[in-house]
Amino acid sequence: MATIRDVAKLAGISVSTVSRYLNKSGYVNAETELNIKNAIDKLNYQPSVVARGLAGKNTKTIALLLPDITNPFFPELARAVEDVATIYGYTVIFCNTDGQVGKEKKYIDALKSKNIDGIIFASNTLGQEDVDKLASFNIPYVCLDRAPTNGTCSVVRSNDLEGGKLAVQHLLDSGCKKIGHIYGPQDLITAKERLIGYEESVRVYDWFSPSLMVPGDFGIEGGKKATEILMKRHPDIDAIFAGNDLMAFGALKVLHRMGIKVPEQVAVIGYDGINMTEITEPELTTIAQPTYDMGALVSRILIKKIEGDIEEDQIHVLDIKLISRDSTRRRG
Ligand code: RIB
């Protein structure tokens, strides 16, 4: 049975160009399109969903690659992916990549050997080599959250830029006068856009200085260390915007240890809206991502793709919302 590689070879073009033509996910000029059509006819090539069906290889199984299963944000995402997959009769294999390129590549090969029907990437290490491999394996895929937006697939994300701005505006509306930001790893588009949202919102104020922005690692320990640095640099700040809830937990811990009252002396806001924000003391104000909706939508898009409903690839950006709680409630 001819593969997409055979089509590309006969047409004298790359696998990713053939994949773009088949998925209608980007421009292909008329001459190239004709060459591809002639090659498909000559080889009697069957695209993935038919090929897999003919070969009796439909496994009704999809995979979700996650970058960090220890962060509660991702299990909440996975819950939605699985709920929707179950409705369509699919099972889900969860893979933890630890954000490592090598681990991700191993998973792609392992999943291919299990005749996976499709893959959702919530990690950010998907490279062109992976894209070509998935095309040659005829494995449909979609991207989620921190995924690369290099236009090779449909992506579901939330509006991180607006979320960063909303976090700052809420602190200003609460009466805060000098706001620091603990940001996540800048190789992640999610962290980068939140930082941009913060900076665009505060650079107009005379109190702003780049030293008010401190790097974290999207974890509790990183949040603690960044808070210590921030408070040492600027003991006069009265608010901290943490780029995710786990780093905000670290900030609450260090401020408590320093005898600093939240929110009276320093207000704290996080980002993600994980359930644990309801049990901290004080309860954490956060910018909640539409986590369940993101997982449900991306699962639906992938399954439609597997079953032959080839939509134009697009980036779906969902709205975030403010959940205001006691960690930013200023008195007076
Ligand atoms: O908390 C983990 C972070 O990584 C979330 O903000 C999510 O958007 C992902 O990028």
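In what follows, residues are counted from 1 in the order of the sequence shown. We use all heavy atoms of the structure for the numbers below, so side chains are in, but hydrogens, waters and symmetry mates are not. Indexing begins at 1, ligand by ligand and atom by atom, following the structure's order.
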query = Among Asn244, Asn124, Leu188, Asp272, which residue places a heavy atom closest to atom 5 (C) of ligand 1?
reply = Asp272

ask   = Would you call Phe73 a ligand 1 contact, heavy-atom distance under 4.0 Å?
value =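 Phe73 counts as a contact of ligand 1 under the 4.0 Å cut-off.
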
request  = Using non-hydrogen atoms of the residue, decide whether Leu246 is closer than 4.0 angstrom to ligand 1.
outcome  =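 Per 4.0 Å heavy-atom rule, Leu246 does not contact ligand 1.
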
key: Nearest-contact summary for atom 4 (O) of ligand 1 - protein heavy atom, Å   = Arg146 NH2, 2.6 Å

ask   = Which heavy atom of the protein is the closest neighbour of atom 10 (O) of ligand 1, given with residue, atom name and distance?
value =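 I find the closest protein heavy atom is Thr190 OG1, 2.8 Å.
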
query = Does NZ or CZ of Arg194 come closer than 6.0 Å to the centre of the six-membered ring of Tyr271, within 45° of the ring's axis?
reply =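 Ring-cation test returns yes.
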
message = Please report whether ligand 1 has a polar contact with Gln289, defined as an N or O pair separated by less than 3.5 Å (distance criterion only).
response = yes

What pair of heavy atoms forms the shortest contact from [X] to [Y], and how long is it?
X      : Y      : result
Ile62  : Ile306 : CG2-CD1, 3.5 Å
Met247 : Gly216 : SD-CA, 3.6 Å
Ser154 : Glu312 : OG-O, 4.2 Å
Ile182 : Ala251 : CD1-CB, 4.5 Å

task = Just let me know how Met247 lines up against ligand 1, side chain, backbone, both or neither, with a heavy-atom cut-off below 4.0 Å.
result =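 Near ligand 1, Met247 shows nothing, with every heavy atom at 4.0 Å or more.
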
message = I need the contact type for Phe74 against ligand 1. Using non-hydrogen atoms and a strict under-4.0 Å cut-off, is it side chain, backbone, both or neither?
response = side chain

query = Are side-chain heavy atoms of Thr91 and Thr59 found at a separation under 4.5 Å?
reply =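 When only atoms from C-beta onward are counted, Thr59 and Thr91 do not touch, as no gap falls below 4.5 Å.
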
query = Going by heavy atoms in the side chains, are Thr61 and Lys114 under 4.5 Å from each other?
reply =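 A side-chain contact under 4.5 Å is absent here.
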
ask   = Which ligand 1 atoms does Asn71 reach within 4.0 Å, using its non-hydrogen atoms?
value = 1 (O), 2 (C)

request  = Provide the number and element of each atom of ligand 1 under 4.0 Å from a heavy atom of Asp145.
outcome  =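 Once the distances to Asp145 are compared, the set is 7 (C), 8 (O), 9 (C), 10 (O).
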
